[in-house]
Amino acid sequence: MRTYTIDSKDKIGEEIELKGWVQSRRDHGGLIFIDLRDHTGITQLVVQPENEDSFSIAEHIRDEYVISVEGEVVARSEELKNPNIPTGEIEVRVSKLTLLNRSEPLPIQIDGNDTSEENRLKYRFLYLRRPKMQSMLTKRAAYYKFIRDFMEQNEFTEITTPVLANSSPEGARDFLVPSRFHPGKFYALPQAPQQFKQLLMVGGVNRYYQIATCFRDEDPRSDRLYGDFYQLDLEMSFVDDGEEVRQTTEPLIKMLAKDFAGKKLLFEDIPRINYQEAMDRYGSDKPDLRFGMELIDLTEELSETEFGVFANSIKNGGVVKAICVKDGANLSRSQIDKYTDVAKSEGAGGLAYITYEDGQPKSTIAKFLSETELTIIQSKLDAKDGDIVFFGADTRLVANKVLGRLRNEFADLKDLKDPNVIALAWIVDFPFYEWDDKANKVDFGHNPFSMPKGGAESLESAKTDEGLLEIKADQYDLVMNGYEVCSGAVRNYNPEIMYKAFDLLGYNKDYVNQKFGAMINAFKYGAPPHAGCAFGLDRIFMVLIGEENIREVVAFPKNGSGVDVMMNSPSGVDTQQLAELNIKVEDSTK
RNA sequence: GGGCUCGUGGUGUAGAUGGCCUAACAUGCCUCCCUGUCACGGAGGAGAUCGCCGGUUCGAAUCCGGUCGGGCCCGCCA
């Protein structure tokens, strides 16, 4: 007999039972209306004074009380219909009203003013009552089902891997779990099931997947959760080319964008962009391709320039690059100052620009540039009246970074990011090694498990640091509207190449054996070639439903300091517990 | 670890050039009235020493220093 509000439209004349929360009560003295909310929506209840028992209860009901009602679904007459809610054509004439539970006045509003994120987290159980959050939770369940269906259809086998695992030497900080059996030793919660899934390949599993909880103890961002988050982790055996992984998985992501989220794909055929090209054209390895505004290299054209800032940069082996912001000439002085600060925060010395008005370039730097140079700048950037061109003159790395960041800022300013469009791109050919500025040496670019392109030969033929930096990894990221949503690689399954890759950085066999013993050991016994990737499920879901804060797509997230302000974790523990674990802390109350 | 920014009744905001602030508005809350509202309406009422500590001043929500907490970003992280 129990019904949900949305269904009740079709039940005119029927006796139904509804249970839910009181969204609001409108007491007209001799007639009381109650908006009842459940997980499906709102229904108006009418309580009449003739029904004395129910009426006296209704008189004392307050917002967010939990009630149960029985009554008849009646059609509202024309002038009483409410077009603003789905159930506005009916109401329920209450025959029996039961109070199930009371509620104190709420610290946050369900249907009204938004509140600080602190309160949204502290009173998460109330925030979740909001229709937006209810919808988020059910959509998320449908999202998981969609993904599982796809994976099963593509003959992937779901296998769970341990949560109590080993500390991994590369990557993020681990969460450690002390061992009671082995004093002084620790498990670590996995940052990803990376090693386990590779061992599954050695174990003869053909295609593995898992919706895996991953743990990382790193500072969060608005697109990065603290602590635990979810990945669609997968791996395929007998695959030695990343293209096979990309082609197997991209139908899923396209279907999620189109069929699940109802968005438009900017490219039906997902482009492959190599890493260096992405950096040069967009100043980012995760470019948002919903808009153009590409970085234009003017180094060659300005090689003879008299303008000191540009000339210096070029002389020192750097570049001069620029972006053109359409209709940006009307930027105010203070806006430009703001963007100059942004540029400086990315390492730029300043931010030169030229505006175009009445067919003329206008700029404080124009007098340093020759007529020819001004002409070629305007034509290469395709700058028209009303546009503004910003310059980055620095090392290639810094100029790309600065202009890449500005490209994003200006796209926000000019509203160029269409929320109904999904732009996907695979970024490929990441460098196998990268220059580590701090350590002043070459180090692994990403994880050391990737296969260098060209295998052992490419490692052996590289004689210098420069040579090493030329080596590409068969590694790939999927980028979605400027967010990195997937990362994968063809794995290095050959112990000799693994040792060699570490050897070139000065790590000996013992080091590798110690850090990756289980994997290296397993690889000795007939490891098949394999490749895979992992999709960041929270982040993809966030983009698909149009959220910009990843905490809004998770039921119980932690705050920016890694604290669960609702449950009050992390928290101190009994000295008894600590003693069992052989742990001493200086002051557990701190 | 660093930069920026915010902190005012339960909630959301205003007040920021120091005095008119005995802190305003909306919403929520309490009491009463009201038989067609749906952001119901009407009358009345309670509720904040302006995050905390210190300083400047005749006088501080407002200025200064510190501190605590939140958010965004960099570092970090895939």
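Note that these values count all heavy atoms, side chains included, but never hydrogens, waters or copies made by symmetry. Worth saying up front: this structure is predicted, and the values here are computed from it rather than measured.
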Check your understanding: Between A:Gly560 and A:Arg25, who's closer to the 5' end of RNA chain B by nearest nucleotide?
Key -> A:Arg25

Exercise for review: Check whether the side chains of A:Tyr226 and A:Asp217 place a donor and an acceptor atom closer than 3.5 Å, and report yes or no.
Suggested key: yes

Point to revise | Closest non-hydrogen atom pair, A:Tyr143 against A:Leu537 | key: OH-O, 2.9 Å

Check your understanding: Say you pick atom P in B:C58 and the same atom in B:A26; how far apart are they, in whole Å?
Key -> 39 Å

Point to revise | Pairs satisfying side chain to side chain donor-acceptor pair (under 3.5 Å), at least one member in residues 32-43 of chain A, at least two apart | key: A:Thr5-A:Asp38, A:Thr5-A:Thr40, A:Gln23-A:Arg37, A:Ser24-A:Asp35, A:Arg26-A:Asp35, A:Arg37-A:Glu64, A:Asp38-A:Thr40

Review point. With distance as the sole criterion, is a donor-acceptor pair present between the side chains of A:Thr115 and A:Gln109 under 3.5 Å?
Key: no

Point to revise | Length of the CG-C1' vector between A:Asn559 and B:C72, whole Å | key: 14 Å

Review point. How long is the line joining CD1 of A:Ile110 and C1' of B:G12, in whole Å?
Key: 15 Å

Check your understanding: Given the P atoms of B:G66 and B:C29, what is the spacing between them in whole Å?
Key -> 43 Å

**Study point:** Residue A:Arg405, side-chain atoms from C-beta onward, closest of B:G71, B:G12, B:C73
**Key:** B:C73

Check your understanding: What pairs with A:Phe215 under ring pair (Phe, Tyr, Trp, His ring centres under 6.0 Å), at least two apart in sequence or on another chain?
Key -> none

Check your understanding: Can you check the A:Ile32 CD1 to B:C38 P distance for me, whole Å?
Key -> 16 Å

Check your understanding: With a 4.0 Å cut-off on heavy atoms, is A:Ser77 in touch with a base, just the backbone sugar-phosphate, or nothing at all?
Key -> nothing

Point to revise | Same-atom distance (P) from B:U56 to B:G15, integer angstrom | key: 29 Å

Point to revise | A:Arg173 CZ to B:C76 C1', straight-line distance once rounded to whole Å | key: 6 Å

Point to revise | The single option from A:Arg130, A:Arg140, A:Arg120 passing salt bridge (Lys or Arg N to Asp or Glu O under 4.0 Å) against A:Glu552 | key: A:Arg120

Point to revise | Interatomic distance, A:Glu409 CD vs B:C72 P [rounded to whole Å] | key: 15 Å

Exercise for review: Spell out protein contact along nucleotides 25-37 of chain B as letters: B when the base is contacted, S when just the sugar-phosphate is, - when no protein heavy atom is under 4.0 Å; keep the 5' to 3' order.
Suggested key: --S-SSS--BBBB

**Study point:** Presence of donor-acceptor pair under 3.5 Å, side chain of A:Arg224 and base of B:C77
**Key:** yes

Check your understanding: Looking at residues 533-552 of chain A, who's got a heavy atom less than 4.0 Å off RNA chain B?
Key -> A:Arg551

Exercise for review: Check whether any side-chain nitrogen or oxygen of A:Ser345 sits under 4.0 Å from OP1 or OP2 of B:G3, and answer yes or no.
Suggested key: no

Check your understanding: Rounding to the closest angstrom, what is the interatomic distance between B:A14 and B:G55 at atom C1'?
Key -> 28 Å

Practice item. Could you give the distance separating B:G51 and B:U62 at their P atoms, to the nearest angstrom? Key: 8 Å

Point to revise | C1' atoms of B:C68 and B:C52, separation to the nearest Å | key: 7 Å

Practice item. Provide, to the nearest angstrom, the distance between the CG atom belonging to A:Asp111 and the P atom belonging to B:A39. Key: 9 Å

Check your understanding: Is it the case that A:Gln210 and A:Tyr208 place a side-chain donor and acceptor less than 3.5 Å from each other?
Key -> yes

Point to revise | Between B:U49 and B:U8 - C1' atom distance, rounded Å | key: 12 Å

Check your understanding: When all nucleic acid strands are considered with a 4.0 Å heavy-atom cut-off, which category describes A:Gly88: base, sugar-phosphate, or nothing?
Key -> nothing

Review point. Please give, in whole Å, the distance from B:C40 C1' to A:Ile34 CD1?
Key: 14 Å

Point to revise | Passing candidate, side-chain contact (heavy atoms from CB on, under 4.5 Å) with A:Asp223, options A:Arg539, A:Glu548, A:Glu484 | key: A:Arg539

Check your understanding: Among the nucleotides B:A39, B:C77, B:C74, which one has an atom lying closest to any side-chain atom of A:Asp219?
Key -> B:C74

Check your understanding: Does NZ belonging to A:Lys81 count more than 12 external heavy atoms closer than 6.0 Å?
Key -> yes

Practice item. Check every atom of B:U11, B:G75, B:G70 against the side chain of A:Asn119 and return the nucleotide holding the closest atom. Key: B:U11

Review point. Counting any heavy atom closer than 4.0 Å, what does A:Asp114 reach on the DNA or RNA strands: base, sugar-phosphate only, or nothing?
Key: sugar-phosphate

Review point. When you check the phosphate oxygens OP1 and OP2 of B:U11, does a side-chain N or O of A:Ser116 lie under 4.0 Å from one of them?
Key: no

**Study point:** Dot-bracket pairing map - RNA chain B, Watson-Crick plus G-U, both contacts under 3.5 Å, | cross-strand
**Key:** ((((((((.[[[[.)...(....]]]].(((((.......))))).....[[[[[..)....]]]]])))))))....

Review point. Taking only residues two or more places apart in sequence, or in another chain, which ones meet A:Val69 in a side-chain contact (heavy atoms from CB on, under 4.5 Å)?
Key: A:Leu18, A:Leu45, A:Ile67, A:Val94, A:Leu97

Review point. In terms of heavy-atom contacts, does NZ of A:Lys122 have more than 12 from other residues, nucleotides or ligands at under 6.0 Å?
Key: no

Practice item. Quick one: label A:Gln475 by what it contacts on the DNA or RNA (base, sugar-phosphate, nothing), any heavy atom closer than 4.0 Å. Key: base

Practice item. Write down the distance separating the P atoms in B:C72 and B:G59, rounded off to the nearest Å. Key: 41 Å

Review point. In terms of side-chain heavy atoms, does A:Ser487 have a donor or acceptor partner in A:Asp477 at a distance below 3.5 Å?
Key: yes

Point to revise | Face-on cation placement of A:Arg224 at A:Phe229 ring, 6.0 Å and 45° thresholds | key: no

Point to revise | Euclidean distance, atom CZ of residue A:Arg221 to atom C1' of B:C73 [Å, nearest integer] | key: 6 Å

**Study point:** Lys/Arg N to Asp/Glu carboxylate O, A:Lys401 vs A:Asp394, below 4.0 Å
**Key:** no

